[in-house]
A.B. asks: 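Input: one structure, supplied below.
Just so we're clear, the structure is a prediction, and the values are computed from it rather than from any experiment.
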Amino acid sequence: MRMRGRRRGGAVVALGAVLTLGAACTSAVGGVPQAAGVMPATAGQTAAQSLLDLAESGAVHYVGTMTASNEKVDFDLVAARTGEIQGKVVIGGQPASVLVVNDTIYLKGAAAFWNEISGIGGTGRSAAIAGRWVQTPSGLLGLEFSGVFAPEALSNQLARGAEAAGDEPFTEVGTESVAGVDAVKVTTEGGTLYLAEEAPHGLLKVEAPRLGRADPTSVEDLTAEIKDASAELTAFYAEFAKNADALAAPVDALTTVTEGEHNFDGCGADSCSIVVRFTNSSKLAVTVSVRGTWQGDGAPLGTCDTKAGPVAPGQQGEARCTLSTPQWKQFYQRANSVAGNHPYSVEWSTLVLADAPDLTQLQERAAVESATASDRTEGSHFVYALAYGDGQVWKYGVAAGDSWQEHAGRQLPACLAATKALCDVDLVTATDSAVAGYRLMGDLVAEECPAGQWAACKR
């Protein structure tokens, strides 16, 4: 295995040297040496390489279905190698948006969606949290998104027994169609894989009876079509950072306060307030959000929003929610000039707010530029090339940590089987940013994808 700042030479070539000391007898066996043929990769070896390619992807797009907590869940998600996930889910026929930041799940859906989530929704509460980002524990959903969809996590679960999954040559396994693409079906201990018949045999679809790190957040009967999204990594982080800005005041799905007395106050020509009193019955200090929806003479007058706190455990708090919309002012003027009753009302909710997520790393990832191919050999992530023949690159990859050489070296047999030539590992550069490494990999394959390249290739 070789390490260089940039690929310049050819593949490893074994040379023998003979030093002649004089005439002598020899016991050497005569004849012409014959090169041993290179066996084609088996279905199991191809599956193992394809799953390793999946783990190296900067981001992966999933569309499919699964069962979580005995509920069918449809999903359309993009998961980044660095842990961020965004997209949509449908539970009980009701859609919701998803963001996963720092392994924390945030969902936003209509009241009908929250009615489907046991332990979170319910009469009144579902309407109160409708349209707001809600920090949602994975245990209540029966689903830990990172444990299922993070590229490396999924790869590791599917890779159990992959190399032993099929001993016949991959080229001799029958094909079927996945989304119009010829695919080879390979079954591992972790599930059934559908690999593209054409090189680099990327994963097109997976069927898994069970996935996830542990109960109660393991999912069942997952079926998903899969596409590499590494080439769109820059757009992914930009969109994710924009969406995550809305998480400044997410609702805490579980923590509640006990509501007390309430009354109208200061209702006049310019505004009207509802004063809500509550007690913090939890064990932590809380900040409470109050949102009120007002009506007058049966017509909407607008909404008010306010926050109160933090309020210590066991202590009482008070929130004043004031409406000062043009509709209120018109209503008040009409009520004082037109004879008769002019009722007005407000429906409000008291919701505990969770802490906003730390977006520092996300913002850094959205702004980071590509690493530069150089002689640097120290960092947290390593961009490498698998090369063969006279220096042709078979594929580029990104690996983390000190074991990157072992990780890259495990792919040499696949390179040999595909190219029929000796292969070696070249270090392109090291970087302290995973995203910078993935972006460099994208730059390297932007013009022409090497034959063994799956991640970041636009085919």
A.B. asks: Please check if the number of heavy atoms outside Asp215 that lie under 6.0 Å from its CG is greater than 12.
C.D. replies: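 Check passes, neighbour count above 12.
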A.B. asks: If you compare all heavy atoms of Gly58 against all heavy atoms of Ser230, which two are closest, and at what distance to 0.1 Å?
C.D. replies: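 Distance-wise, the nearest heavy atoms are N-OG, 2.7 Å.
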A.B. asks: The test is side-chain hydrogen bond (donor to acceptor under 3.5 Å, both in side chains); show your working for Tyr194 and Glu225 and say whether it passes.
C.D. replies: CA-CA 9 Å; Tyr194 295 82; Glu225 292 188 5; over 6 Å; no
A.B. asks: Residues in ring pair (Phe, Tyr, Trp, His ring centres under 6.0 Å) with Phe236, at least two apart?
C.D. replies: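 Counting only residues at least two positions away or on another chain, Phe236 forms a ring pair (Phe, Tyr, Trp, His ring centres under 6.0 Å) with Phe240.
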A.B. asks: Can a donor-acceptor pair be found, under 3.5 Å and without considering hydrogens, that links the side chain of Arg81 to the backbone of Ala150?
C.D. replies: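 No; judged by distance alone, with no hydrogens or angles, the pair does not exist.
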A.B. asks: Any donor and acceptor pair, going by atom type alone, linking the side chain of Thr279 with main-chain N or O of Ser281 inside 3.5 Å?
C.D. replies: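 No, Thr279 side chain to Ser281 backbone: no donor-acceptor pair under 3.5 Å.
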A.B. asks: Can a donor-acceptor pair be found, under 3.5 Å and without considering hydrogens, that links the side chain of Asp74 to the backbone of Thr65?
C.D. replies: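 It does not hold such a pair.
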A.B. asks: Taking atom CG of Asp355 as the centre, report whether more than 12 heavy atoms of other residues, nucleotides or ligands fall under 6.0 Å from it.
C.D. replies: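 Open: at most 12 neighbouring heavy atoms sit under 6.0 Å from CG of Asp355.
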A.B. asks: Among side-chain atoms of Ser324 and Ser271, is any donor-acceptor pair under 3.5 angstrom?
C.D. replies: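 Judged by distance alone, the side chains do not pair up.
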A.B. asks: Do Arg439 and Val368 come within less than 4.5 Å of each other through their side chains, counting heavy atoms only?
C.D. replies: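 SC-SC contact between Arg439 and Val368 confirmed.
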A.B. asks: Counting only N and O atoms by type, is there a donor-acceptor contact under 3.5 Å from the side chain of Gln453 to the main-chain atoms of Tyr396?
C.D. replies: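 Confirmed, Gln453 side chain pairs with Tyr396 backbone.
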A.B. asks: Answer yes or no: is there an ion pair linking Glu220 with Arg210, defined by an N-O contact shorter than 4.0 Å?
C.D. replies: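 A salt bridge is present here (some side-chain N lies under 4.0 Å from a carboxylate O).
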A.B. asks: Main chain of Ala79, side chain of Glu84: is a donor-acceptor contact present, judged purely on distance under 3.5 Å?
C.D. replies: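 It does not hold such a pair.
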A.B. asks: Ignoring hydrogens, what is the shortest heavy-atom contact between Ala436 and Glu369? Give both atom names and the distance.
C.D. replies: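 Taking Ala436 first and Glu369 second, the nearest heavy atoms are CB-O, 3.3 Å.
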A.B. asks: Roughly how far, to the nearest 0.5 Å, is CG of Leu247 from CG of Leu359?
C.D. replies: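 The CG atom of Leu247 is 6.5 Å from CG of Leu359, to the nearest 0.5 Å.
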A.B. asks: For a side-chain hydrogen bond (donor to acceptor under 3.5 Å, both in side chains) check, start with the C-alpha distance between Ser289 and Arg132, then their side-chain angles and the critical distance, and finish with the verdict.
C.D. replies: CA-CA 12 Å; Ser289 166; Arg132 303 182 71 165; 3.1 Å; yes
A.B. asks: Just by distance, do the side chain of Thr325 and the backbone of Trp328 share a donor-acceptor pair under 3.5 Å?
C.D. replies: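 Confirmed, Thr325 side chain pairs with Trp328 backbone.
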A.B. asks: Is there side-chain contact between Leu154 and Leu211, with heavy atoms separated by less than 4.5 Å?
C.D. replies: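 The answer is yes; the side chains approach within 4.5 Å.
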A.B. asks: Give a yes or no answer on whether the side chain of Ser69 reaches the backbone of Glu71 with a donor-acceptor pair at less than 3.5 Å.
C.D. replies: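 Side chain of Ser69 to backbone of Glu71: no pair is present.
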A.B. asks: Under a 3.5 Å distance rule, please check whether Ser403 uses its side chain to pair with a backbone N or O of Gly401 as donor and acceptor.
C.D. replies: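 Between the backbone of Gly401 and the side chain of Ser403 there is no qualifying donor-acceptor contact (under 3.5 Å).
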A.B. asks: Is Lys395 paired with Glu56 through a side-chain N to carboxylate O contact shorter than 4.0 Å?
C.D. replies: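 Lys395 and Glu56: salt-bridged.
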A.B. asks: With distance as the sole criterion, is a donor-acceptor pair present between the side chains of Ser57 and Tyr438 under 3.5 Å?
C.D. replies: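 No, no side-chain donor-acceptor contact under 3.5 Å.
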A.B. asks: Any idea which heavy atoms bring Asp228 and Ala59 closest together, and the distance?
C.D. replies: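 Asp228 and Ala59 have their closest heavy atoms at OD1-O, 3.4 Å.
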A.B. asks: Applying ring pair (Phe, Tyr, Trp, His ring centres under 6.0 Å), name anything that partners Phe113, two or more places apart in sequence or on another chain.
C.D. replies: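 Phe113: no ring pair (Phe, Tyr, Trp, His ring centres under 6.0 Å) contacts found.
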A.B. asks: Could you give me the CA-CA distance, side-chain angles and deciding distance for Arg334 and Asp297, then say whether salt bridge (Lys or Arg N to Asp or Glu O under 4.0 Å) is met?
C.D. replies: CA-CA 10 Å; Arg334 184 171 62 253; Asp297 285 343; 3.5 Å; yes
A.B. asks: Quick check on Asp402: does its CG atom have over 12 non-hydrogen neighbours (other residues, nucleotides or ligands) under 6.0 Å away?
C.D. replies: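 Counting other residues, nucleotides and ligands, CG of Asp402 stays at 12 neighbours or fewer.
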A.B. asks: Atom CD of Gln94 and atom CG of Asn115: how far apart are they, to the nearest 0.5 Å?
C.D. replies: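 It comes to 8.5 Å.
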A.B. asks: Could you check Phe75 against Phe145 for ring pair (Phe, Tyr, Trp, His ring centres under 6.0 Å), going step by step and ending with a plain yes or no?
C.D. replies: CA-CA 11 Å; Phe75 54 84; Phe145 285 89; 8.8 Å; no
A.B. asks: Would one find more than 12 heavy atoms of other residues, nucleotides or ligands at under 6.0 Å from atom CD of Glu176?
C.D. replies: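 More than 12 heavy atoms, drawn from other residues, nucleotides or ligands, come within 6.0 Å of this atom.
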A.B. asks: Is the backbone of Gly317 close enough, under 3.5 Å, to the side chain of Gln315 for a donor and an acceptor to pair up by distance?
C.D. replies: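 The answer is no, because no donor-acceptor pair under 3.5 Å joins these two groups.
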A.B. asks: May I ask you to test the Met441-Ser370 pair for a side-chain heavy-atom distance under 4.5 Å?
C.D. replies: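 Result no, sub-4.5 Å side-chain heavy-atom pair not found.
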A.B. asks: So, are Arg277 and Glu259 salt-bridged, with charged N and O less than 4.0 Å apart?
C.D. replies: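 The answer is no: the pair does not qualify as a salt bridge.
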A.B. asks: Taking atom OG of Ser273 and atom CZ of Phe264, what is their separation to the nearest 0.5 Å?
C.D. replies: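 Going from the OG atom of Ser273 to the CZ atom of Phe264 covers 10.0 Å.
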A.B. asks: Hey, is the main chain of Thr360 close enough, under 3.5 Å, to the side chain of Asp358 for a donor-acceptor pair?
C.D. replies: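 A pair under 3.5 Å: yes.
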A.B. asks: Please state whether the rings of Phe331 and Tyr344 are parallel, tilted or perpendicular, taking 30° and 60° as the class boundaries.
C.D. replies: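 The rings of Phe331 and Tyr344 stand perpendicular, inter-plane angle above 60°.
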A.B. asks: Locate the shortest heavy-atom distance separating Ala183 from Leu204; write the atom from each residue and the value.
C.D. replies: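 Smallest interatomic distance, heavy atoms only, reads CB-CD1, 3.8 Å.
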A.B. asks: Any side-chain heavy-atom pair from Gln49 and Phe170 closer than 4.5 angstrom?
C.D. replies: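 Sidechains of Phe170 and Gln49: no contact.
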A.B. asks: Which heavy-atom pair separates Pro151 from Leu54 by the least distance, and what is that distance?
C.D. replies: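 Looking at all heavy atoms of both residues, the closest pair is CB-O, 3.5 Å.
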A.B. asks: May I ask you to decide whether Lys88 forms a salt bridge with Asp76, counting only side-chain N to carboxylate O separations under 4.0 Å?
C.D. replies: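 Asp76 and Lys88: not salt-bridged.
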A.B. asks: Is Arg376 salt-bridged to Asp432, cutoff N-O under 4.0 Å?
C.D. replies: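 Yes, charged N to carboxylate O under 4.0 Å.
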A.B. asks: To the nearest 0.5 Å, what is the distance between CD1 (Ile117) and CZ (Arg125)?
C.D. replies: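 Result: 12.5 Å between the selected atoms.
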A.B. asks: Could you please spell out the steps behind the side chain to side chain contact (heavy atoms under 4.5 Å, CB included) verdict for Val251 and Val352?
C.D. replies: CA-CA 6 Å; Val251 174; Val352 175; over 6 Å; no
A.B. asks: May I ask you to test the Gln86-Glu239 pair for a side-chain heavy-atom distance under 4.5 Å?
C.D. replies: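 Yes, side chains in contact.
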A.B. asks: State plainly whether the residues Arg320 and Glu318 are in salt-bridge range, i.e. N to O under 4.0 Å.
C.D. replies: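 Answer for the salt bridge query: no.
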A.B. asks: Which heavy atom of Val100 sits nearest a heavy atom of Ser146, and at what distance?
C.D. replies: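 In terms of heavy atoms, the two residues are closest at CG1-OG, 3.8 Å.
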A.B. asks: Does Cys304 reach the side chain of Thr322, with side-chain heavy atoms less than 4.5 Å apart?
C.D. replies: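 Answer no - side chains too far apart.
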A.B. asks: Distance from Ile226 atom CD1 to His61 atom NE2, nearest 0.5 Å?
C.D. replies: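 Between Ile226 CD1 and His61 NE2, I get 11.0 Å after rounding to 0.5 Å.
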A.B. asks: Are the aromatic ring centres of Trp454 and His201 under 6.0 angstrom apart?
C.D. replies: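 Ring-ring flag for Trp454/His201: false, centres at least 6.0 Å apart.
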A.B. asks: Tell me, do Leu353 and Lys307 make a side-chain contact under 4.5 Å, heavy atoms counted?
C.D. replies: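 The answer is yes, as the side chains (C-beta and beyond) meet within the 4.5 Å cut-off.
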A.B. asks: Are any of the side-chain heavy atoms of Leu158 and Val206 separated by less than 4.5 Å?
C.D. replies: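 With C-beta onward as the side chain, the pair touches.
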A.B. asks: CD of Gln333: more than 12 outside heavy atoms within 6.0 angstrom?
C.D. replies: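 No, CD of Gln333 has 12 or fewer neighbouring heavy atoms, counting only those of other groups under 6.0 Å.
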A.B. asks: Rounded to the nearest 0.5 Å, what separation is found between the CD1 atom of Ile105 and the CD atom of Gln135?
C.D. replies: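 It comes to 9.5 Å.
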